[in-house]
Amino acid sequence: MRRKLVAGNWKMHGTLQKNAVLLSRIAAEAPRLNCEVAVCPPYPYLGQAQLALAGSGVALGAQSVSEHASGAFTGEISAAMLLEFGCHYALVGHSERRALFGETDYVVAAKFEAAQMAGLVPVLCVGETLQEREAGSTISVITRQLSAVLERVGVQALAKAVVAYEPVWAIGTGVTASPAQAQDVHEAIRAQVAALDIGVASELRILYGGSVKPENAKQLFGQRDIDGGLIGGAALMADDFLTICLAAN
Ligand code: 13P
């Protein structure tokens, strides 16, 4: 039985003051929630979030992670450092990292491996652009992105990982994939993994991300292969985020 996971990706938003309010609301409401909840603040706020969430059961995640363990990599953050600040998850391959910071499938697979080897649970983000969807290549794009990781680390590695399907055209646009569109891709992801290992596939949590809001969360989370959400904009408002978490109950 897959327990639903709702994770907030704060992206480059927040201040100490705003975070304090948001984190204390989430920590206070956490006992009412039946799903697993995680937040992924910007790096400098991980320490603040670690303290604010201590004992709440809410997990902490990072928005990215270096593929290197240590060394002369100015500006980078290693998996071991993230663990010291209480991180359980690390997003890898978010489309903004791929599109704006040049992360290739190869780099994403390396980050996945580095995160997992250090003891973090990678949340592998995959998704097609609007152009790719319109060209009918959605499934081939997702398959390629997932294959890059599978070829590097093997299917068993997915037993300790999460996948997030985030269609690029739905991120921050207010346009959400319909529950049926999302379900189709989630089903294809699970089938790709099942072809290698049925047990791993049936336990794999596949989150949907892309304009998840309080109004559409319940329908999305009701799909057979949707195991929760990766929430951007709506994760910055306590009421919205908590309503979305309740939709996963
Ligand atoms: P929005 O929910 O703002 O569309 O962002 C989704 C996302 O990118 C989460 O990682």
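Reckoned from all heavy atoms, side chains included, excluding hydrogens, waters and symmetry mates. Note that ligands are numbered from 1 as they come in the structure, with each ligand's atoms numbered from 1 the same way.
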*Asks:* Is the closest basic N to carboxylate O distance between Glu203 and Arg2 below 4.0 Å?
*Replies:*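 No, Glu203 and Arg2 are not salt-bridged.
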
*Asks:* Should you measure from each heavy atom of Lys11, which atoms of ligand 1 turn up under 4.0 Å away?
*Replies:*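 Taking each heavy atom of Lys11 in turn, ligand 1 has 5 (O), 6 (C), 7 (C), 8 (O) under 4.0 Å.
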
*Asks:* With rounding to the nearest 0.5 angstrom, report the NE2 to CG distance, His13 to Leu22.
*Replies:*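 His13 atom NE2 to Leu22 atom CG measures 12.0 Å (nearest 0.5 Å).
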
*Asks:* Does the N or O separation between Ser211 and ligand 1 drop below 3.5 Å for any pair?
*Replies:*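 For ligand 1, there is an N or O atom that lies under 3.5 Å from one belonging to Ser211.
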
*Asks:* Charged N to carboxylate O under 4.0 angstrom, Arg152 versus Glu113?
*Replies:*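 Here Arg152 pairs with Glu113 in a salt bridge, since their nearest N and O are under 4.0 Å apart.
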
*Asks:* Does the pair Asp227/Arg3 count as a salt bridge with the N-to-O cut at 4.0 Å?
*Replies:*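 Salt bridge flag = no for Arg3 with Asp227.
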
*Asks:* State the atoms of ligand 1, each with its element, that fall below the 4.0 Å cut-off from a heavy-atom position in Gly210.
*Replies:*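 It comes down to these atoms of ligand 1: 4 (O), 6 (C).
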
*Asks:* I want to know if ligand 1 touches Glu96 in the polar sense, i.e. an N/O pair below 3.5 angstrom.
*Replies:*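 No.
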
*Asks:* Hey, is Lys213 one of the residues with a heavy atom under 4.0 angstrom from ligand 1?
*Replies:*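 So Lys213 does not count as touching ligand 1.
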
*Asks:* Which protein heavy atom lies closest to atom 2 (O) of ligand 1, and at what distance to 0.1 Å?
*Replies:*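 Nearest protein contact, heavy atoms only, for atom 2 (O) of ligand 1 is Gly232 N, 2.9 Å.
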
*Asks:* Apply side-chain contact (heavy atoms from CB on, under 4.5 Å) to residues Glu166 and Leu230 and explain how you reach the verdict.
*Replies:* CA-CA 8 Å; Glu166 299 207 304; Leu230 184 54; 3.5 Å; yes

*Asks:* Quick one: does Ala170 get within less than 4.0 Å of ligand 1, heavy atoms only?
*Replies:*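 It does; at least one heavy atom falls under 4.0 Å.
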
*Asks:* Is it true that Arg144 and Asp105 have a side-chain N and a carboxylate O under 4.0 angstrom from each other?
*Replies:*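 Yes, Arg144 and Asp105 are salt-bridged.
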
*Asks:* Distance to 0.1 Å, residue and atom name: give those for the protein heavy atom nearest to atom 9 (C) of ligand 1.
*Replies:*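 Nearest neighbour among protein heavy atoms for atom 9 (C) of ligand 1, to 0.1 Å: Glu166 OE2, 2.8 Å.
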
*Asks:* If the contact criterion is a heavy-atom separation under 4.0 Å, does Gly172 count as touching ligand 1?
*Replies:*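 Yes, that is the case, since the closest heavy atom of the residue is under 4.0 Å from the ligand.
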
*Asks:* May I have the step-by-step check of side-chain contact (heavy atoms from CB on, under 4.5 Å) for Ile77 and Leu82, ending in yes or no?
*Replies:* CA-CA 7 Å; Ile77 312 281; Leu82 298 174; 3.7 Å; yes

*Asks:* Please classify the Asn9 to ligand 1 contact at 4.0 Å (heavy-atom distances, strictly less than): side chain, backbone, both or neither.
*Replies:*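 Within the 4.0 Å criterion, Asn9 contacts ligand 1 through side-chain atoms alone.
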
*Asks:* Which residue owns the protein heavy atom closest to atom 3 (O) of ligand 1, what's the atom, and how far is it?
*Replies:*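 The protein heavy atom lying closest is Gly233 N, 2.8 Å.
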
*Asks:* Of all the atoms in ligand 1, which lie at a distance below 4.0 Å from a heavy atom belonging to Leu230?
*Replies:*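 Counting atoms of ligand 1 from 1, those under 4.0 Å from Leu230 are 9 (C), 10 (O).
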
*Asks:* Parallel, tilted or perpendicular, judged at 30° and 60°: which one describes the rings of Tyr208 and His186?
*Replies:*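 The arrangement is tilted - the two ring planes meet at 30° to 60°.
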
